[in-house]
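Sequence lines set the chain letters: A, B, ... in the order given, protein chains first and strands last, and positions in each chain run from 1.
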Protein chains: 4
Amino acid sequence: MIDFNEKQLQIIETSERLFAQKGFDATSVRDIAEEAGINVAMISYYFGSKEKLMEAVFEAKIGKVQMRVEALLKDESLLPFEKMYTLIDEHIERVMHSQHFYRIMISEQLTNKNPAILQTVKQLKVRNAELISEIIKEGQQKGFFKKKVDVVLMLNTLLGTVWQSIISKEHYREFTNSQLLSNEEYENQLKKKLSTHIKTLFKAILTNEA
Amino acid sequence: MIDFNEKQLQIIETSERLFAQKGFDATSVRDIAEEAGINVAMISYYFGSKEKLMEAVFEAKIGKVQMRVEALLKDESLLPFEKMYTLIDEHIERVMHSQHFYRIMISEQLTNKNPAILQTVKQLKVRNAELISEIIKEGQQKGFFKKKVDVVLMLNTLLGTVWQSIISKEHYREFTNSQLLSNEEYENQLKKKLSTHIKTLFKAILTNEA
Amino acid sequence: MIDFNEKQLQIIETSERLFAQKGFDATSVRDIAEEAGINVAMISYYFGSKEKLMEAVFEAKIGKVQMRVEALLKDESLLPFEKMYTLIDEHIERVMHSQHFYRIMISEQLTNKNPAILQTVKQLKVRNAELISEIIKEGQQKGFFKKKVDVVLMLNTLLGTVWQSIISKEHYREFTNSQLLSNEEYENQLKKKLSTHIKTLFKAILTNEA
Amino acid sequence: MIDFNEKQLQIIETSERLFAQKGFDATSVRDIAEEAGINVAMISYYFGSKEKLMEAVFEAKIGKVQMRVEALLKDESLLPFEKMYTLIDEHIERVMHSQHFYRIMISEQLTNKNPAILQTVKQLKVRNAELISEIIKEGQQKGFFKKKVDVVLMLNTLLGTVWQSIISKEHYREFTNSQLLSNEEYENQLKKKLSTHIKTLFKAILTNEA
DNA sequence: CATGAATGAGTCTTCATTCAT
DNA sequence: AATGAATGAAGACTCATTCAT
């Protein structure tokens, strides 16, 4: 876990936003430098290269996410279903709040260009799948969940549905008659709907015997 | 619906693949020209610019998709549930087969850079949502589906789950003990699993009274 | 043997001069482009890179030199001593006339940076040593030359003396009371002196029994 | 004669090596700082600039060389021929031992960029020519040497032959069947050969009446 | 006295596009 | 109708040097 100083964090934050908005290749180091109010050379100076900067963006973020998930899933005070539901809500909250970062993450998974980043992402995903598998086993032992559950597909439904809702958010604004809502209101409404929707799906996945 | 000549289609096809593999910005017109075996200048000559070429890629593809969906949903020989299930299977099949194109589409939705393309995508999405709404109404009238169904969320679950499964395909290969399968076998297995999984979800969405 | 078009030759010529005057690293592609009256991008366009341009400079020159030497040494109408003397005079003439190029060549041998160039130079040198060895053998068989002659040292004396005379030319101008001569006159005087001097040395090397 | 403190000498020594290996322009102050184990800023701090550092390298070296030559040539216990032969051997030894420095010196003479350095070099050369002229006069008066001797050409043969032998050392390694020798052995062999060779040449220059 | 942080100028190269043919 | 040649703009990055501490 690398420690970044204040200026580095400032650069990371700006990069995260710009990479998300325009994509890695379409974001020039000049763009970043200007927006962050620093000299172009400082990016090479602090991070070595634009690519390494991107990796730093991931390191800075993934670590935090990982810790939060671990903490939740190991919380012994929660019942299996409560854990799953909390997991859903925290995920929705996190993705909505860090849309920028998740945009980059998807983008990186799309292009397969930086192996270091892919590795980091993979580790996060696999680790999470492992942790959730354990919750499910626990729920199965206690008789709450049905026998056969495909953890990966379940996770993909969670991540995919949330993500798809975000990227197509604007497309459906008219369709759902939400033109009059402020951006914030619309997002809040979306969060609630998503929460209910996915919990329903998870319940179906975890309990209904096919 | 624009008519493209053979050379143009050749360029579109190559572009689709390269844009998908490396991203729009990271793909140079020289790359495309070389792979397509044509002169660099021909891209500007036929399409006006690299951006316009991208738009052509979308026009060429979206049209086909749209027609297939319309045909399916208007097929009067199918029951509502059958339509939904066919919709799922065709979507899975289509996305798996045209991963390249869907990668670009997601990428474009991520970066919001080309309004013309966004508009095209939005039209497709909204039109599809409308069509599916009608199926659902039909199913509700016939008593197959429950009263309140959120079409958009349902669609997002379909699209999101399929998509998430594709982009994280490799990450979970070890986790699901599928290392020994060939790529094709792995994809076929995934298709089947996805089909069952999403049908279960749709059934839950369309029938279970919360 | 690569064929260079007119524009390429123009770039090569300018580069040869600038690389010689300022050194490879101190010469920017902008310098070259400005002096050659071409666009900076044309250097990459025609040669691929600054390094490759340098290699082209060598290819363009070394070939010519090689051919001249081969022709001379294979000339059957000349006696061994005549060949050696002609070799000396032609070398002096060539180096004086192409000082720019020889500056670069020395510089490259100094820094050992571009293996492709070193290889080209080495081939030239070794080939020349071989050819001259044959002349000497011929001279020995005919009884003109003494038995043991070190070809490499002899060549090094020729090349070294000529070269050293050129690079320290200005240093000794006062010392030799040649301030009043024009540059051309001074160089002509130097050529004559060098010719006599080196012929004396060669005669000593080739005939005097130690 | 400037006094350099220990840290300065350390920087000078490292610079000498790096400038020789990679050339002045291709050597960055960061390279030097890293290899010398000092802070980058210290180079500007101690020497003012990279150029001034180069001048310091020359000042530190030229002084030593000058003193050695003066001492030898003024040694009254040696006969003229002995002096010349010792001069040759010491020069060979010196150049072989300080190849780094001589590489830089040649390089500087090639590029003519730093007038201060050129001046220093010129002074050394002219002074040496003057001293040697005196030896020759002495030898002529004593009847050992012939009347007309071109000191400059003679010096150029000494310097040029030695130098050419060094820079083309590797090129001829195969040609002289010396692949099996260690680097050290090869250099020792070369030194001996050079010594004999140049002494022969000098003898011819100094005695043979044309 | 010595240095880590910072920077503006400059590097080479690649890019999409244009234009004469 | 099609293209090879050419280019201006922009790209990421490295450099020697400065300055506050």
Undergrad: Counting heavy atoms from C-beta on, name the nucleotide in dG8(F), dT17(E), dT17(F) closest to the side chain of Lys50(D).
TA: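 Closest of the options to the side chain of Lys50(D): dT17(F).
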Undergrad: Which nucleotide, if any, forms a Watson-Crick or G-U wobble pair with dC12(E), using both distances under 3.5 Å?
TA: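 The base-pairing partner of dC12(E), which may sit in any strand shown, is dG11(F).
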Undergrad: Between Gln10(B) and Ala36(B) (side chain of the first, backbone of the second, donor and acceptor by atom type, cut-off under 3.5 Å), is there such a pair?
TA: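 Yes; judged by distance alone, with no hydrogens or angles, the pair exists.
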Undergrad: Measure CD/Gln10(D) against P/dA2(E) and give the value in whole Å, please.
TA: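 Result: 12 Å.
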Undergrad: Kindly say whether His171(D) contributes a backbone atom to a donor-acceptor pair with the side chain of Ser168(D) at under 3.5 angstrom?
TA: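 Such a contact is absent between Ser168(D) side chain and His171(D) backbone.
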Undergrad: Can you tell me the pairing partner of dT21(F) across any strand shown, Watson-Crick or G-U wobble, with both distances under 3.5 angstrom?
TA: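 Result: dA2(E).
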Undergrad: Ignoring backbone atoms, test whether Tyr45(A) places a side-chain nitrogen or oxygen under 4.0 Å from the OP1 or OP2 oxygen of dT7(E).
TA: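 Answer no for this pair, as no side-chain N or O of Tyr45(A) is under 4.0 Å from OP1 or OP2.
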Undergrad: Rounded to whole angstroms, how far apart are CD1 on Ile38(D) and P on dA16(F)?
TA: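 Nearest whole value for this atom pair: 12 Å.
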Undergrad: Between Phe58(A) and Phe101(A), is the ring centre distance below 6.0 Å?
TA: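 Under 6.0 Å, so yes.
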Undergrad: Just to be sure I understand the rule, does Tyr46(B) reach a base, reach only the sugar-phosphate, or reach nothing, if contact means heavy atoms closer than 4.0 Å?
TA: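 Tyr46(B): backbone/sugar contact only, no base atoms under 4.0 Å.
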Undergrad: In this structure, how many angstroms lie between the C1' atom of dT11(E) and the CD atom of Glu34(C), rounded?
TA: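 Result: 14 Å.
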Undergrad: For Asn39(C) and Ile43(D), find the nucleotide of DNA chain F closest to each by heavy atoms; which residue's nucleotide sits nearer the 5' end?
TA: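 Comparing both residues, the 5'-ward one is Asn39(C).
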Undergrad: Do Glu108(D) and Asn114(D) have a side chain donor and acceptor closer than 3.5 Å?
TA: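 Per modelled atom types, Glu108(D) and Asn114(D) side chains form no pair under 3.5 Å.
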Undergrad: To the nearest Å, how far apart are Asp31(B) CG and dT17(E) P?
TA: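 So the two atoms are 14 Å apart, to the nearest Å.
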Undergrad: Expressed in angstrom and rounded to an integer, what is the separation of Met54(B) atom CE from dA16(E) atom P?
TA: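 Rounded to the whole Å, the gap is 13 Å.
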Undergrad: Whole angstrom is fine here: how far is it from NZ in Lys52(A) over to C1' in dA12(F)?
TA: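 Taking NZ of Lys52(A) and C1' of dA12(F), I get 14 Å after rounding.
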Undergrad: Counting only Watson-Crick or G-U wobble pairs whose two distances fall under 3.5 Å, which nucleotide matches dT7(E)?
TA: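 dA16(F) is the nucleotide pairing with dT7(E).
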Undergrad: Toward the 5' end of DNA chain F, which comes first, Lys7(C) or Glu51(A), by nearest nucleotide?
TA: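 Upstream on the strand: Lys7(C).
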Undergrad: So, does the side chain of Arg30(A) form a donor-acceptor pair with the base of dA10(F) at under 3.5 Å?
TA: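 Flag unset: no donor-acceptor pair detected.
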Undergrad: Looking across every strand, which nucleic acid part, if any, lies under 4.0 Å from Ser28(B) by heavy atom: base, sugar-phosphate, or nothing?
TA: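 Touches sugar-phosphate only.
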Undergrad: Can you tell me how far P of dA1(F) sits from CD of Glu6(B), to the nearest Å?
TA: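 For the pair Glu6(B) CD and dA1(F) P, the rounded distance is 17 Å.
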Undergrad: Quick one: which of dG4(F), dG8(E), dT17(F) gets closest to the side chain of Ala41(A)?
TA: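 That would be dG8(E).
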Undergrad: Kindly indicate whether the side chain of Met54(C), heavy atoms from C-beta on, has any atom under 4.5 Å from the side chain of Phe47(C).
TA: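 No; the side chains remain at least 4.5 Å from each other.
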Undergrad: Do Arg103(D) and Ile166(D) have side chains that approach each other closer than 4.5 Å (heavy atoms only, starting at C-beta)?
TA: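 Yes; the side chains approach each other to less than 4.5 Å.
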Undergrad: Hey, which of these two, Asn5(D) or Gly37(A), hits DNA chain E nearer its 5' end, going by closest nucleotide?
TA: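 Residue closer to the 5' terminus by nearest nucleotide: Asn5(D).
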Undergrad: If you assign each of Ala26(B) and Met42(A) to its closest nucleotide in DNA chain E, which residue comes earlier from the 5' end?
TA: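 Between the two, 5'-proximity favours Met42(A).
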Undergrad: Between Leu53(D) (CG) and dT17(F) (C1'), how many Å, whole number?
TA: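 Between C1' of dT17(F) and CG of Leu53(D): 14 Å.
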